[in-house]
Amino acid sequence: MEMVGFIGLGRMGRPMASNLCRKGVRLVVNDVNPAAVQELESLQARAAASAAEVAGQAGIIVTMLPNSAVVREVVAGPGGVLAHAAPGSLVMDMSTVSPETTDELAALAKSRGIGFVDAPVGRLASHADRGESLFMVGASDADFARVKPLLEGMGSTIYHCGPVGTGTRTKLVNNYLAVTSCQLNAEALGLSQRLGLDLERTLEVLYGTTAVNGQLKIAWPSKVLAGDIEPGFTIDLAHKDLTLVSEAAHAARVPMPILAAAREAFSTARARGFGSKDFSAMVDALCDLAGIEKPRLRR
């Protein structure tokens, strides 16, 4: 397989790149965090000092970055990927960004003879650790075939959603449901605490009815309800995603009042100092605001 570049070794990108190394993919990596780069070097990846250096060495360049502005700078900036990648190479952006960002970068890449794929990631950081991520891919058939072996090396579920841009748009729909469910969970468990209910018995009831959802049943017992609010996915990033969804809904003239309320709840959590914590910590932020004891499962 050709040399692959990987830019962005954060909580999701690092295990994804590590899994590629373990599968024998030749990788050249770059990140603002030297420790993350060193970890990949220990798995035989080659370190690069810049995005430009990555682009100069790799036929496929993967980006996994925190927001639209950073993706634009890394991919389309003067020292970025497109300015230094060879015609015939391909950029696969796996970040969660605005549809406009994806469309803009795809058009710019096409004008330079460079392929572009948007492949945002579903599921949690713990799934990325185990190589069980889900990918929502927007790509031409030819470009999808080219990146599919890489996706198979990083995850277990791959959906080719359609042409370029459909992956990003699918991710916004997915994250709207995933993130707003945290606010619903927070309100439900906060109310249960106020009413003096036993947490374990309440969860047992909820798990047995149609009230259940994946966040409350799968993610929360191993995170906030176990006292672990260190981030797999932060409240800051969840707020960013809700903002992207809000902008897309506004542009499409789709009224989404629950979205607006959920986004403001996340804004409140950020204002109270929870922004860097896991998004399951919405229940802690709500309980702090209401003066309720934080819900914790007995061990």
Side-chain angles (χ1 to χ4, degrees), residues 11-12 96 121-130 132-134 136 156-157 159 170-242 245-246 249 255-270 272-299:
R11 183 61 187 91
M12 293 291 282
T96 301
V121 184
R123 299 179 179 156
L124 303 171
S126 57
H127 292 97
D129 292 337
R130 299 191 298 268
E132 298 173 356
S133 292
L134 177 150
M136 296 157 258
S156 58
T157 308
Y159 292 106
T170 302
K171 180 64 184 290
L172 293 188
V173 174
N174 176 83
N175 277 26
Y176 170 58
L177 290 177
V179 173
T180 54
S181 70
C182 278
Q183 178 60 21
L184 295 174
N185 290 340
E187 293 180 12
L189 294 191
L191 179 62
S192 78
Q193 296 299 101
R194 177 70 83 192
L195 296 177
L197 300 178
D198 178 81
L199 179 60
E200 282 81 0
R201 183 52 53 87
T202 300
L203 289 175
E204 184 180 354
V205 170
L206 296 178
Y207 293 165
T209 75
T210 55
V212 72
N213 60 64
Q215 288 292 326
L216 189 60
K217 187 171 184 178
I218 300 170
W220 282 35
S222 64
K223 291 297 292 180
V224 66
L225 300 183
D228 177 10
I229 59 173
E230 291 310 302
F233 181 67
T234 66
I235 284 174
D236 280 338
L237 286 175
H239 182 271
K240 181 263 293 185
D241 285 359
L242 287 180
V245 177
S246 179
M256 299 182 73
I258 292 177
L259 165 62
R263 183 178 178 277
E264 286 310 300
F266 276 78
S267 294
T268 300
R270 296 175 78 212
R272 296 181 67 83
F274 286 87
S276 64
K277 301 304 181 183
D278 189 79
F279 74 148
S280 64
M282 284 300 295
V283 69
D284 284 6
L286 183 139
C287 288
D288 272 1
L289 191 63
I292 304 169
E293 184 178 352
K294 296 181 179 69
R296 295 291 184 263
L297 289 167
R298 294 186 294 269
R299 300 194 180 206

Take Trp220 and Val283 through the test side-chain contact (heavy atoms from CB on, under 4.5 Å) and record every step on the way to the result. CA-CA 10 Å; Trp220 282 35; Val283 69; 3.7 Å; yes
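- The shortest side-chain heavy-atom distance between Ile258 and Tyr176 falls under the 4.5 Å cut-off.
- The two residues Ala238 and Val179 come nearest to each other via the heavy atoms CB-CG1, 3.8 Å.
- A salt bridge links Asp228 and Lys223; the closest N-O separation between the charged side-chain nitrogens and carboxylate oxygens is under 4.0 Å.
- How far CG of Leu286 is from CD of Gln183: 6.0 Å, rounded to the nearest 0.5 Å.
- In plain terms, the two heavy atoms of Met136 and Val121 that are nearest each other are CE-C, 3.9 Å.
- In the model, Ser192 has no side-chain atom that pairs as donor or acceptor with a side-chain atom of Arg201 under 3.5 Å.
- Residues in residues 232-241 take part in these side-chain hydrogen bond (donor to acceptor under 3.5 Å, both in side chains) pairs, two or more places apart or across chains: Asn175-Asp241, Asp236-Arg270, His239-Ser267, His239-Arg270.
- Here the straight-line distance linking atom OG of Ser280 with atom CG of Asn185 works out to 9.5 Å at 0.5 Å rounding.
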How far apart are the C-alpha atoms of Arg123 and Ser156, what are their side-chain angles, what is the distance that settles it, and do they pass the side-chain hydrogen bond (donor to acceptor under 3.5 Å, both in side chains) test? CA-CA 11 Å; Arg123 299 179 179 156; Ser156 58; 3.1 Å; yes
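- The CG atom of Leu216 sits 5.5 Å away from the CG atom of Leu189 when rounded to the nearest 0.5 Å.
- Minimum interatomic distance between Phe266 and Cys182 (heavy atoms only, all atoms of both residues): CZ-CB, 4.1 Å.
- Judged as a ring-ring contact (aromatic ring centres under 6.0 Å, His included), and not counting sequence neighbours, Phe274 has no contacts.
- When every heavy atom of Thr96 is checked against every heavy atom of Lys171, the shortest pair comes out as OG1-NZ, 2.7 Å.
- By the 4.5 Å heavy-atom criterion applied to side chains, Arg296 and Leu199 are not counted as neighbours.
- Residue Leu225 comes nearest to Pro295 through the heavy atom pair CD2-O, 3.7 Å, listed as atom of the first residue, atom of the second, then distance.
- A salt bridge links Glu230 to Lys277: at least one charged side-chain nitrogen sits closer than 4.0 Å to a carboxylate oxygen.
- At most 12 non-hydrogen atoms from other residues, nucleotides or ligands lie less than 6.0 angstrom from OH of Tyr159.
- Residues Ser276 and Pro231 come closest through the heavy atom pair O-CG, 3.5 Å.
- With rounding to the nearest 0.5 Å, the separation of CG in Leu134 from CG in Asn174 is 7.5 Å.
- Contact annotation: the side chain of Arg298 approaches that of Asp198 to within less than 4.5 Å [non-hydrogen atoms, C-beta and beyond].
- The neighbour count for Glu200 CD, taken as heavy atoms of other residues, nucleotides or ligands under 6.0 Å away, is above 12.
- Here the NZ-SG distance, from Lys294 to Cys287, works out to 7.5 Å after rounding to the nearest 0.5 Å.
- The 12-atom threshold is exceeded at CG of Leu177, counting heavy atoms of other residues, nucleotides or ligands nearer than 6.0 Å.
- Within the structure, every pair that satisfies the ring-ring contact (aromatic ring centres under 6.0 Å, His included) test and touches residues 279-299, not counting sequence neighbours, is listed here: Phe233-Phe279.
- Distance check, rounded to the nearest 0.5 Å: CZ of Arg11 to CG of Leu237 gives 12.5 Å.
- Side-chain contact between Val245 and Thr180: absent, with no pair of heavy atoms (C-beta onward) separated by less than 4.5 Å.
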